[in-house]
Amino acid sequence: MSEPVNEPRSVILWDIDGTLLSTGGAGREALDLAFEELFGVPQAFVAVSFGGRTDLGLVGEAFERAGLSMPDDAAPRLHDRYVGHLRRILAARPGRAKLLPGLPQALAQTAPRAVNALLTGNWRAGAEAKLGAVGLWEQFRFGAFADDAADRNALVPIARRRAQSLGVTPGRVIVIGDTPHDVACARAGGAVAVAVCTGWSSREELQACGPDLLIEDLTSGLDAFLGLL
Ligand SMILES: [Mg+2]
């Protein structure tokens with residue numbers, strides 16, 4: 001049965017790291033390796049805070065910290081090298097990437113009521129590598145990624161447009177993530193903000209930015225989350 005094109009549907013925009021899964025540091029390791037091979041600086045990301053950032057934003061900060069100006073072609077070169085390392089690292093240690101509590105059951109519960117999509121600071125190919133490692137990539141209809149904008153706050157409108165281009169009229173749009181950056185990007189895009197305490201930020205930090213719903217994880221918090229749909 002085909003969906004009526006114009007009937008608004010709730011859209012959930014899921015963050016990846018700290019919300020759906022943990023890669024056990026594989027993302028940082030892959031970026032460090034790529035940066036060292038291309039630009040000769042080891043551990044360029046060691047002091048960079050990853051939570052809620054976009055990959056392009058992280059790369060810019062790594063160049064600043066290394067005292068180097070960022071070449072015009074740095075981002076595409078790093079992207080390709082990073083994704084290669086990430087795939088290799090995740091394949092070498094199956095089980096390093098782990099689903100967070102309540103997954104994948106939460107996606108099975110939301111799928112009949114809402115469109116599951118991604119809003120992430122990962123490049124698209126990195127998101128596919130990470131979610132593929134835990135068998136989740138196919139669960140999402142579309143996404144907004146670091147390829148789309150260096151500024152996470154620009155990603156909700158991009159996700160809305162992408163939904164429409166697929167014939168989905170977004171009704172309520174919900175952003176779920178593990179950092180204050182996720183809450184801020186929900187606010188910037190006129191979306192409902194759900195914060196989950198399974199990742200980078202403490203409950204106190206998340207509480208302080210005033211999300212519409214704050215849950216411990218997607219096990220104990222699942223009913224409250226489903227209540228928003
Ligand atoms: Mg996150």
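On a predicted model such as this, the values are computed, not experimentally measured, just so you know. As the structure lists them, so they are numbered: ligands from 1, and atoms in each ligand from 1.
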Pair Arg96 + Glu29: basic N to acidic O under 4.0 Å
yes
Give, for atom CG of Leu20 and atom CG of Leu107, the distance between the pair rounded to the nearest 0.5 Å.
6.0 Å
How are the rings of Phe63 and Phe39 set to each other: parallel, tilted or perpendicular (split at 30° and 60°)?
perpendicular
For the side chain of Arg28 and the backbone of Phe45, is there at least one donor-acceptor N/O pair under 3.5 Å apart?
yes
Listing residue and atom name, which protein N/O/S atoms are closer to the Mg ion (ligand 1) than 2.8 Å?
Asp15 OD2, Asp17 O, Asp178 OD1
Approximate separation, where rounding is to 0.5 Å, of Thr54 OG1 and Phe145 CZ:
13.5 Å
When rounded to the nearest 0.5 angstrom, what is the spacing between CZ in Phe142 and CG in Leu13?
6.0 Å
